[in-house]
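Throughout, a chain's letter reflects where its sequence line sits, starting with A, and its residues are numbered from 1.
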Amino acid sequence: MITKNGKGVFGGIAFGNIKIFNGDKKVKKYFTTDTAGEKKRFEAARKKAYDKTIKLMEKTASEIGKKEAAIFEIHSMMMNDDDFVALVESKIDGGINAEAAVYEAGEETAEMFSYLSDEYMRQRAADVKDVAERIVEAFGQDDNESGSGEKTIIVAYDLTPSQTVGLRDKNISGFVTEGGSATSHTAILARTMNIPAVIGVKGILDEAYDGRFAAVDSSSGTIYIEPNATTINRLKDKKDKAETEMQLLQRYKGVKTETKGGKSVMLYANISNMTDLDMVLANDAEGIGLFRTEFIFMGRNTFPSEDEQFEIYKKAVEKMGGKRVIIRTVDIGADKKVDYFNIPHEENPALGYRAIRICLDRVNIFKVQLRAILRASHYGKAALMFPMICTLEELRKAKNILNEVKLELDFESVPYDRNIEVGIMVETPSAALISESLAKECDFFSIGTNDLTQYTLAVDRQNNMVNSKFDTDHESILRLIHFTAQSAKKEGIWVGICGELGADKRLTEKFIKWGIEELSVSPVYILSLRKHITEMEF
Amino acid sequence: MESFEYILQDKEGIHARPAGIVVKAAKEFKSDITMENKGKTVNCKGIFAVMSLAAKCGEKIVITANGTDEKEAIKAVSAAIKENL
């Protein structure tokens, strides 16, 4: 048994034989003088590939969504592109077979795109290659390839959109990629298609694995090649359990999150990017308890503009249709580095220049984000949350800047929600200990248990040497949570938990009894937590 | 010969989807139709050609049609551009 690890992007377990998808499939090239015959073959293949693409487009539109289908319409147009057809034909005229002509024309056109200065257009090179590949496939060899009835785990560097959808009927049980990101096509489509997927698995593309039996556990991000009997049984058990549980959980959609004694809880979801929104809706979360805005700032070279941010927040609040969306202002610094923020090297970044500390210092960055959030608040129910608050002064400063921004918007007659709630993350021991005073000046608390643990137990989250001491339910943490909840109650504001601990079922009852009114967890935990709460007796 | 000038309003510039719509509109006509941007002129009926301009927001494009149905062509293509870009 060989074990490899990556990152699971969609939960579940899959078994099957590995099929390695090599993007650079060798296309046979030979010389021929029958140019008319080759052109006819090209025409037939192109027509076939075109029809298939149109079908794929319709299928995607009806099963996944119009937006996802748009890419195939572009592909179909590329197949019909006069310049492309002319390029292929000129290559055939040069005396090579049609398959090779298509392949070469595809490579050349893709190369042209890869030289463009625009990043988006450069990425279209992949679409061009995808199109050429599909015409090559249509020459006939691949037509009756499936049908063995055996489950297959597709392994690739990264899958193209047409590969991920086109493969759907072919008995695919899982996807594994060596490259890819959580927002890649592979990840998004796997999630929408309900197929377990693991990405970023180093060394998985080894031809030696082709055809071998394997198991994929995307909840742990592990691939087992030729797993032993114990592993198979363990995974089968896990799979059965998960499937039964998932099915049973569907009944909890639309159900009120309330204990038998009538204590209700707001069950919200945490999100880190826009694709998570679909998961939030699919799992019937009652709101977004933590909208991490860092993703808007990361993976780029310049600050996102106000409009750019506004569009993102607006989309989120609109999609949530009046349910509360708690947007946390940017928490850059510590483990989340962004080059263009130009933060000097720090010996101890977790105790350094991060989150609200940066925002209060570089007010312009903060104001742009606040303006964008306020503007979006007009289109739904947004709430604002400040991270890493330690002192009352910090909260007051942040609120003063917020008021300035509100005045600016008033002056410009830009609409926003005048009653927008303003809360803070309670994630430092200091904030918890002075929660009585803080509660007097904000509308809600959200306890961030991960950082609270790090700072209370003095355990660096990033340091493997002390990982075992990262005890999120240590008595010291629970006491701080309890005290914070009491302070909130005393001042009449609501309090929630948005850290990992919020999903810890061993503590849910305690939390509710302490007066925690909101739990914000990963979307996948929503339904099981709702079930857990509705079964509580008190 | 008929032509039409336009400053791109769409933040994303001529991306794949709008390029597809414009090309589709152009293909309906017999006239030769070209698109010019940053001194480069391409066939407006080719999706690769139009995309390869990588024309961005705020830049000028010039559409030129030449042929028997040039008037109608400019009308249709400019409408597609105004609506999508």
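- Both the backbone and the side chain of M78(A) have a heavy atom closer than 4.5 Å to some heavy atom of chain B.
- Of the atoms belonging to K24(B), heavy atoms from both backbone and side chain fall under 4.5 Å from chain A.
- Between A110(A) and K129(A), the closest heavy-atom pair is CB-CG, 3.8 Å.
- Within residues 52-84 of chain B, the residues having any heavy atom closer than 4.5 Å to a heavy atom of chain A are S52(B), A54(B), K56(B), listed by residue number.
- Residues forming a ring pair (Phe, Tyr, Trp, His ring centres under 6.0 Å) with F84(A) (at least two apart in sequence, or on another chain): F48(B).
- A donor-acceptor pair shorter than 3.5 Å cannot be found between the side chains of R41(A) and N97(A).
- Residues of residues 15-23 of chain B that come within less than 4.5 angstrom of chain A, heavy atom to heavy atom, are H15(B), A16(B), R17(B), G20(B), V23(B) in numerical order.
- Cation-pi geometry between R375(A) and Y416(A) is not satisfied (NZ or CZ under 6.0 Å from the ring centre, within 45° of the ring normal).
- The salt bridge (Lys or Arg N to Asp or Glu O under 4.0 Å) search around K40(A) returns none, not counting sequence neighbours.
- Between the side chains of Q309(A) and Y313(A), at least one donor N or O lies within less than 3.5 Å of an accepting N or O.
- Interface remark: E73(A) contributes side-chain atoms only to the contact with chain B (heavy atom separation under 4.5 Å).
- With rounding to the nearest 0.5 Å, the separation of OG1 in T53(A) from CD1 in I74(A) is 12.0 Å.
- Rounding to the nearest 0.5 Å places CD of E311(A) at 11.5 Å from CD1 of I296(A).
- The aromatic rings of F295(A) and F291(A) are tilted relative to each other, their planes meeting at an angle between 30° and 60°.
- Comment: K45(B) does not engage D32(B) in a salt bridge, judged by the lack of any side-chain N to carboxylate O separation of less than 4.0 angstrom.
- Classification of E318(A) and K315(A) as a salt-bridged pair fails, no side-chain N sitting under 4.0 Å from a carboxylate O.
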